[in-house]
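Hydrogens, waters and symmetry mates are skipped; everything else that's a heavy atom, side chains included, is used. Counting convention: from 1, in listed order, for ligands and their atoms alike.
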Amino acid sequence: MRPSLQRFVHRLKALEIQGAKQIAIRSLLFLKAYDPTFGRTFERAAKQLEAARPTAVVLHNCLEILRRERSTESVDVLVNRLRNASEEIGRYGAKLIRSGCVVMTHCHSGEALAVVKAAKRAGRRVGVIATLTEPAHQGIRTARELRNAGIPVTLIADPAIGFFMPHVDVIITGSDAMRREGNVNKIGTYPLALVAAKHRKPYYVVGNTFKLDRRKTLAIEERPPGEVWRAMKGVKMRNPAFDITPWQYVTRVITERGVKTPKQIVKMIEQSKW
Ligand code: RUB
């Protein structure tokens with residue numbers, strides 16, 4: 001029996017499945033089960049999944065490949081490439097983390113956490129300050145995952161980033177899309193990068209190369225205003241889910257192909273083909 005498209009879209013929108021990489025992996029596996037012939041039914045479903053979380057680019061790039069190759073084997077290859085990227089990313093990223101390092105992170109990024117976990121596996125003492133990440137509180141997932149991995153973690157409210165920045169050695173976040181104009185990630189990443197720059201702290205973006213984004217336009221997802229606060233008469237609420245950090249505030253980008261400068265990333269975006 002075909003899995004329910006409506007239910008899967010609901011799980012995506014409710015952030016039950018979140019993070020650019022997981023959104024892509026789970027959607028690809030869903031589509032494989034939904035229409036293994038990759039015909040019109042697949043195309044209709046693919047469009048709905050992309051529209052459910054339109055900012056992150058990984059699913060989009062994978063779909064571009066799948067539209068050409070149209071096979072379940074291609075899904076498996078893509079999923080494996082995405083999964084294996086974390087190990088490579090961890091290997092390159094761990095080298096940038098000294099023992100005793102305090103890392104600040106924002107939101108919940110599987111790839112950013114892969115770096116921290118790899119550093120621990122490599123025998124480095126590492127602690128993390130995780131922002132709660134208003135308004136949807138994905139930082140709680142980060143705190144839980146790090147605690148379960150035996151990594152000391154302190155959860156802070158978003159406005160406390162400036163208070164704690166002097167005690168931080170390095171800022172590490174994930175990426176939803178790497179574009180010419182900068183790194184797209186969870187709302188609040190841009191102000192975090194500005195505070196980091198003010199304190200001369202290195203800021204590393206972590207992202208596999210499926211995050212290189214050549215789309216002409218970027219749709220910044222606006223989430224339900226009810227996540228900000230309950231409805232108030234006469235008050236408008238806005239809830240953009242992502243912002244763009246210009247590359248000048250990024251120190252390095254950790255990819256599965258090595259540690260790159262922002263300049264190299266912009267070049268890679270120009271050369272990427274999907
Ligand atoms: C998650 C978020 C993550 C990136 C990277 O936003 O911004 O930093 O998606 O995640 P949301 P990963 O919770 O709205 O999906 O490293 O897991 O691909």
Side-chain angles (χ1 to χ4, degrees), residues 8-28 49-62 78-79 81-90 92-93 103-118 128 130-146 149 158 161 171-179 182-193 203-213 218-224 227-228 239-245 250 253-256 265:
F8 189 75
V9 167
H10 173 79
R11 293 181 70 197
L12 286 175
K13 286 193 172 164
L15 303 179
E16 222 179 279
I17 299 162
Q18 58 78 236
K21 186 190 291 203
Q22 280 310 316
I23 291 169
I25 290 177
R26 301 284 287 276
S27 298
L28 289 171
L49 298 189
E50 259 198 89
R53 302 296 316 272
T55 307
V57 73
V58 184
L59 176 60
H60 169 85
N61 286 339
C62 290
L78 289 168
V79 167
R81 270 181 67 186
L82 286 169
R83 285 189 176 142
N84 294 340
S86 289
E87 203 166 307
E88 292 298 300
I89 280 173
Y92 288 116
V103 175
M104 185 179 272
T105 192
H106 185 59
C107 197
H108 176 262
S109 155
E111 298 199 313
L113 295 191
V115 170
V116 176
K117 288 179 190 170
V128 177
T131 62
L132 185 56
T133 314
E134 284 284 314
H137 302 165
Q138 291 98 326
I140 290 172
R141 289 172 201 244
T142 299
R144 206 174 279 139
E145 191 171 325
L146 290 170
D158 296 14
I161 54 173
I171 293 83
I172 303 183
T173 76
S175 169
D176 282 275
M178 300 190 234
R179 292 177 62 83
N183 183 51
V184 183
N185 194 50
K186 179 55 52 184
I187 195 84
T189 303
Y190 179 29
L192 175 62
Y203 169 32
Y204 300 133
V205 166
V206 189
N208 69 74
T209 51
F210 281 98
K211 293 181 176 178
L212 299 173
D213 187 357
L218 174 70
I220 297 272
E221 182 184 333
E222 282 256 358
R223 295 192 53 82
E227 284 182 358
V228 175
N239 188 14
F242 299 95
D243 59 25
I244 308 179
T245 302
V250 175
V253 182
I254 304 166
T255 80
E256 82 282 17
I265 289 293

Worksheet item: In chain order, what residues pass the side chain to side chain donor-acceptor pair (under 3.5 Å) check against T131, with sequence neighbours excluded?
Response: H106, T133
Worksheet entry | Closest to atom 11 (P) of ligand 1 among R53, Q22, H137, H108 (heavy-atom distance) | R53
Worksheet item: Out of K211, Q138, K186, E111, whose heavy atom sits nearest atom 18 (O) of ligand 1?
Response: K211
Worksheet item: Closest approach of F242 and V184, non-hydrogen atoms and distance?
Response: CB-CG1, 4.0 Å
Worksheet item: What do you reckon, does G19 have a nitrogen or oxygen under 3.5 Å from a nitrogen or oxygen of ligand 1?
Response: yes
Practice prompt. Report the nearest protein non-hydrogen atom to atom 13 (O) of ligand 1: residue, atom name, distance rounded to 0.1 Å.
Written response: Q18 NE2, 2.7 Å
Fill in: Residue list, salt bridge (charged side-chain N to carboxylate O under 4.0 Å, His left out) with R179, at least two apart or on another chain
E181, D213
Item to complete: For E87, look at atom CD and say whether over 12 heavy atoms of other residues, nucleotides or ligands are found less than 6.0 Å away.
Response: no
Worksheet item: Quick one: does R223's side chain get under 4.5 Å of L15's, heavy atoms only?
Response: yes
Discussion item. Between S175 and N183 (side chain of the first, backbone of the second, donor and acceptor by atom type, cut-off under 3.5 Å), is there such a pair?
Written reply: no
Discussion item. What I want to know is whether A20 and ligand 1 share at least one N or O pair that is separated by under 3.5 angstrom.
Written reply: yes
Item to complete: Check each atom of ligand 1 against the heavy atoms of C107 and keep those under 4.0 Å away; list them by number with element.
Response: 1 (C), 2 (C), 6 (O), 7 (O)
Worksheet item: Under 4.0 angstrom from ligand 1, any heavy atom of N185?
Response: yes
Discussion item. Taking 4.0 angstrom as the limit and counting only heavy atoms of F242, give me the atoms of ligand 1 inside it, by number and element.
Written reply: 6 (O), 7 (O), 14 (O)
Fill in: Polar atom proximity, S109 to ligand 1 (N or O, under 3.5 Å)
yes
Practice prompt. Mark up the atoms of ligand 1 that fall under 4.0 Å of a heavy atom belonging to K21, in ascending order.
Written response: 18 (O)
Fill in: Nearest-neighbour protein heavy atom for atom 5 (C) of ligand 1, which is reported as residue plus atom name and distance
S175 O, 3.4 Å
Fill in: SB check R81 E256 (cutoff 4.0 Å)
no
Discussion item. Can you tell me if A56 contacts ligand 1 (heavy atom of the residue under 4.0 Å from the ligand)?
Written reply: no
Worksheet item: If only atom types and distance count, is the side chain of S86 paired as donor or acceptor with the main-chain N or O of E111 below 3.5 Å?
Response: no
Fill in: Protein residue, atom and distance nearest to atom 17 (O) of ligand 1, heavy-atom basis
G110 N, 2.8 Å
Discussion item. With no hydrogens and no angle check, just 3.5 Å: does a side-chain donor-acceptor pair link Y203 and T173?
Written reply: yes
Discussion item. In this structure, does ligand 1 have an atom that sits under 4.0 Å from one of the heavy atoms of A241?
Written reply: no
Discussion item. Under 4.0 Å from a heavy atom of D176: which atoms of ligand 1 are those, numbered in the order shown and with their elements?
Written reply: 2 (C), 3 (C), 4 (C), 7 (O), 9 (O)
Worksheet item: Given L82 and C62, is the side-chain contact (heavy atoms from CB on, under 4.5 Å) satisfied, shown in steps?
Response: CA-CA 10 Å; L82 286 169; C62 290; 4.1 Å; yes
